[in-house]
Enquirer: 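One structure is given below, represented as structure tokens, and several questions about it will come after.
Numbers here are sequence positions counted from 1.
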Amino acid sequence: MKRDVTFTIEWNSSGIPLSGVSPTAHVQLDVADAATKYKDGHDLPPQIGTISLRGNREGLLAIAERLVAVAYTDVETYHEHLDDSVHGDFLDTNGEWEILIERSDVRAIRRAIQDGG
């Protein structure tokens, strides 16, 4: 089965993406390092760390939209911080973590700006 999924991203005059979050969107971020996982299960072999991102459809789509928007934003140093204070109840990180989304290919961004965006 193949499914095409599309969404529309609006941009302001400076090239910054504008996007709202559905009031029903919710995502939970949990981080467990290897030592914590091993401590909780003494009979386990050595463990690796885990980052878990769980959410309802609206929440996961909001994260996906932000990833795509940042990927297509040709504004140098543009980034998005997502934490417990962003968009009300959208992201739950237990107050301990944030998600930072930023492009790392600065040369490509500069080239796009030089070529007229």
Enquirer: Does some side-chain heavy atom of W97 sit less than 4.5 Å from a side-chain heavy atom of L91?
Expert: no
Enquirer: To the nearest 0.5 Å, what is the distance between CG on D84 and CD on E96?
Expert: 9.5 Å
Enquirer: Tell me whether F7 shares a hydrophobic cluster with Y72, the cluster being built from Ile, Leu, Val, Met, Phe, Trp, Tyr side chains joined at under 4.5 Å.
Expert: yes
Enquirer: Locate the shortest heavy-atom distance separating V75 from S14; write the atom from each residue and the value.
Expert: CG2-O, 3.4 Å
Enquirer: What heavy-atom pair brings P17 and I9 nearest, and what distance separates the two atoms?
Expert: CB-CG2, 3.9 Å
Enquirer: Just wondering, do I109 and Y78 contact through their side chains at under 4.5 Å, heavy atoms?
Expert: no
Enquirer: Is it true that atom CD1 of I51 has more than 12 heavy atoms of other residues, nucleotides or ligands lying nearer than 6.0 Å?
Expert: no
Enquirer: Does one hydrophobic cluster hold both I101 and I16, with members joined at side-chain heavy-atom distances below 4.5 Å?
Expert: yes
Enquirer: What's the spacing between R107 CZ and E76 CD if we round to 0.5 Å?
Expert: 12.0 Å
Enquirer: Does the side chain to side chain donor-acceptor pair (under 3.5 Å) test come out yes or no for T93 and D83, once each step is laid out?
Expert: CA-CA 7 Å; T93 66; D83 58 31; over 6 Å; no
Enquirer: Can a donor-acceptor pair be found, under 3.5 Å and without considering hydrogens, that links the side chain of H81 to the backbone of H79?
Expert: no
Enquirer: Closest heavy-atom contact between R103 and A71?
Expert: NH1-O, 3.3 Å
Enquirer: Would you call V27 and L82 a side-chain contact if the rule is heavy atoms closer than 4.5 Å?
Expert: no
Enquirer: In terms of hydrophobic clusters joined by side-chain contacts under 4.5 Å, are L18 and W11 together?
Expert: no
Enquirer: Establish, from distance only, whether the side-chain atoms of S52 and T50 form a donor-acceptor pair under 3.5 Å.
Expert: no
Enquirer: Answer yes or no: is there a side-chain heavy-atom contact under 4.5 Å between D30 and R54?
Expert: yes
Enquirer: Would you say the side chain of V106 lies within less than 4.5 Å of the side chain of R110, judging by non-hydrogen atoms?
Expert: yes
Enquirer: With heavy-atom distances below 4.5 Å as the criterion, would you say the side chains of Q28 and N94 are in contact?
Expert: yes
Enquirer: Is there a side-chain contact between E80 and V70 in this structure, where contact means two heavy atoms from C-beta onward sitting under 4.5 Å apart?
Expert: yes
Enquirer: Which pair of heavy atoms, one from S22 and one from E58, lies closest together, and at what distance?
Expert: OG-CG, 4.1 Å
Enquirer: Tell me the closest heavy-atom pair linking A112 and D74, and the distance in Å.
Expert: CB-OD2, 3.4 Å
Enquirer: Give the minimum heavy-atom separation between T24 and N56, together with the two atoms involved.
Expert: O-ND2, 2.6 Å
Enquirer: Answer whether the closest heavy-atom distance between the side chains of V21 and R66 falls below 4.5 Å.
Expert: yes
Enquirer: Report whether L29 and L67 are members of the same hydrophobic cluster (ILVMFWY, side-chain heavy atoms less than 4.5 Å apart, transitive linking).
Expert: yes
